[in-house]
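First up is the structure itself, then whatever we jot down about it.
Hydrogens, waters and symmetry mates are skipped; everything else that's a heavy atom, side chains included, is used.
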Amino acid sequence: MISAVPAGGRCTRGASAVLWTAVLLACALCCATGVAVAARRGGRAMRCVVAQMTGAAAWSAAAAVLSTAPGPSTVTAARIVTTAGALAVACGGYWLSRVAQDPHRRPDRGDLAVLVVAPVITMGMLLTNPWHQLAYVDQLIDSPPGVRWGDGPLYPLLLAVIGVPAVLTLVHLGRGITSSPAHYRPHLRRILIGGVAVSLSIVASMATTSRWHHSDLVPLGLAVAALAFVHGVLRNHHFAVVPLARSQVVEDLPDAVLVTDTRGVVLDVNGSCRTLLTRLAVADAIGRPLHEVLPFLAPPHEGAGARGEVSPAPGLHLDVRSSTIRSPRGAPVGHAVLLRDVSAVVERQMAAERTSERLAQEVSLDPLTGLLNRRGLHAAASALPEGGQLAVVIVDLDHFKAVNDEHGHEAGDAVLRALSALLLDAVLPHLDRGAAATRLGGEEFALLLPGLDADGATAVGQRVLSTLRSTTTPVPSLGGTVHLRVTASAGVAAGTGRDVSELLRRADAALYRAKGQGRDALSVAYP
């Protein structure tokens, strides 16, 4: 917002009624805008607007008084009010141009110089003017057809002091429109519209003011600025969320914080969130819908405590919490989304789960052959549905001790692994029903065959024995690699249910019968 002090000149008694009415309407509009903005309590940006509208209302009211050609004392008071109002508009506009671009901003030395020096010089000159008459001359000079009030020798300096923050306002707004995030640019453009309107009204006032005729069109420019704020701040809710959100967000918070308005448009992110967005290769989040910036997040909704866990990238795990931001009156104005990086915790949990699974497998697996052990066999049987048909085939190598004694334990291990491969091939067609190949211990193995009766299990066992009988197994020996031909015996038992202990006992008894029949044979334990 730009401001200047109206130049000295003639105050005509017959001032235009239309202009006087327009000035009063401008004053009323500025007052209404200030009250409406103050009611929203949006933060520093809103307070700047309130300060500007208050100063603009005072300026317009004083201009209306001056247009009625009052007496000397009233003229003095009105000009002081006009100057103070111009100062409020200029300084408020300067600080608004700064916080509109960066709601985090704190006054630096340059800001303090503008916001402190200009008011001190201006108010000092105004308060001491009755003694030195350097700013305004109280005495009226009769000059037909009216009267003129005088300006002091330091009046141009007063204009320059107030003009500094006004000019800087336009400079910062012009830079901000090209350098600020896209979402903030409409705010800055509307502020700039108001500043340009006031600037043009000042130029018009100076162009139409003469020695004997005073013209103050600045209130009309202030009215245009007020309308810009009404449309931008009140109707389009500019600055309604950002200052409030910024007051609740700590820039150095280790957790990422993202703020949206009620429509889900991203308005603000803190430093940690900017780092997270860079990691996710997301740029220009401000002003974009949340579902475009972070598509893995569910849209925030009204209500507090919403949370969940997402994994948007390998090795990245986020705990997400969202809550509603409310105005001091309780109306929802936006949402705050907190994203906490819990990758270290989740990775430790996943590592612990993998370790637990590995240990559980190691407990249930035979380390030599990779088949289930006896514990794994019972676990697999307990997972079967109740009441179904179940068969067990126990396979035991014949004369296995002789293999170890003649060729060594390494050769014996090779034979065990070869038989394990045959057993895995045998259960492969039945895996969908929960079949399993297991090593019970030593050279004794068992097949768990759900859904098969004794005849079906016998057929499986016979194929295993036949294949083993006709196959030679290369094994390491003391004299080099030898090809061994080994045989096995088998026992079969079948029943219903999933209690495998009784079936193992019966199949083991059948196995011993097969051994007694000369080995390389299969025996069935019928009920």
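In this structure, CG in Leu371 is found 9.0 Å from CZ in Arg439, a value given to the nearest 0.5 Å. A distance of 9.0 Å separates CG in Leu372 from CG in Leu448, rounded to the nearest 0.5 Å. Within the model, atoms CG of Leu419 and CG of Leu424 stand 10.0 Å from one another, a figure rounded to the nearest 0.5 Å. Atom CG of residue Leu368 and atom OG of residue Ser420 lie 7.0 Å apart, to the nearest 0.5 angstrom. Distance check: Leu428 CG to Leu423 CG gives 12.5 Å after rounding to the nearest 0.5 Å. To the nearest 0.5 Å, atoms OG1 (Thr438) and CG (Leu365) are separated by 11.5 Å.
Every side-chain contact (heavy atoms from CB on, under 4.5 Å) that Ala426 has, sequence neighbours left out, goes to Leu447, Val460, Val464. Legend: residues meeting salt bridge (Lys or Arg N to Asp or Glu O under 4.0 Å) with Asp432, ordered by chain and number and at least two apart, are absent. Checked against side chain to side chain donor-acceptor pair (under 3.5 Å), Glu347 has the following partners two or more places apart in sequence or in another chain: His317. Considering only residues two or more places apart in sequence or on other chains, Arg279 meets the salt bridge (Lys or Arg N to Asp or Glu O under 4.0 Å) condition with Asp341. By the side-chain contact (heavy atoms from CB on, under 4.5 Å) test, Ala160 is found to be paired with no residue, residues two or more places apart in sequence or in another chain being considered. By the side chain to side chain donor-acceptor pair (under 3.5 Å) test, Thr369 is found to be paired with Asp366, residues two or more places apart in sequence or in another chain being considered. Contacts of Val114 classified as side-chain contact (heavy atoms from CB on, under 4.5 Å), with partners at least two apart in sequence or in another chain: Tyr94, Pro165, Leu168. Taking Asp413 as the reference, nothing meets the salt bridge (Lys or Arg N to Asp or Glu O under 4.0 Å) condition, with sequence neighbours excluded. Shown here are the side-chain contact (heavy atoms from CB on, under 4.5 Å) partners of Leu277, two or more places apart in sequence or in another chain: Val269, Cys273, Val282, Ala285, Val293, Leu294. Taking Thr128 as the reference, His132 meet the side chain to side chain donor-acceptor pair (under 3.5 Å) condition, with sequence neighbours excluded.
Judged purely by atom type and a 3.5 angstrom limit, Arg288 uses its side chain to pair as donor or acceptor with the backbone of Ala283. Proximity of a side-chain donor or acceptor of Ser272 to a complementary backbone N or O of Pro254 within less than 3.5 Å is detected. Not a single donor-acceptor pair under 3.5 Å links the side chain of Asp425 to the backbone N or O of Leu422.
Contact record, Pro119 with Leu115: CG-O, 3.0 Å, taken as the closest heavy-atom pair. Heavy atoms only, all atoms of each residue included: Pro332 and Thr324 are closest at CB-CG2, 3.8 Å. Across every non-hydrogen atom of Leu170 and Val196, the tightest pair is CD2-N, 4.4 Å. Closest of all the heavy-atom pairs between Pro476 and Ala414 is CD-CB, 4.3 Å. Closest approach of Ala90 and Thr169 over heavy atoms only: O-OG1, 4.0 Å.
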Please output the side-chain donor-acceptor pairs of residues 374-382 that fall under 3.5 Å, not counting sequence neighbours, one pair per line with the distance.
from   : atom 1 : to     : atom 2 : distance (Å)
Ser382 : OG     : His378 : O      : 3.4
Ser382 : OG     : Ala379 : O      : 2.7

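Contact annotation: the side chain of Leu390 never approaches that of Thr496 to less than 4.5 Å [non-hydrogen atoms, C-beta and beyond]. A heavy-atom distance below 4.5 Å is not found between the side chains of Asp108 and Leu112. Side-chain contact check for Val342 versus Leu318: every heavy-atom pair is 4.5 Å or farther apart. Residues Phe296 and Val320 have side chains not in contact (no heavy-atom distance under 4.5 Å, counting atoms from C-beta outward).
A salt bridge links Asp319 and Arg321; the closest N-O separation between the charged side-chain nitrogens and carboxylate oxygens is under 4.0 Å.
Using modelled atom types, one finds a donor on one side chain and an acceptor on the other under 3.5 Å when comparing Arg433 with His430.
With Val392 as the fixed residue, the side-chain contact (heavy atoms from CB on, under 4.5 Å) test singles out one of Leu449, Val500, Leu452: Val500.
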Q) So Val393 and Val395, side-chain contact (heavy atoms from CB on, under 4.5 Å) or not? Walk me through it. A) CA-CA 6 Å; Val393 179; Val395 180; 4.0 Å; yes
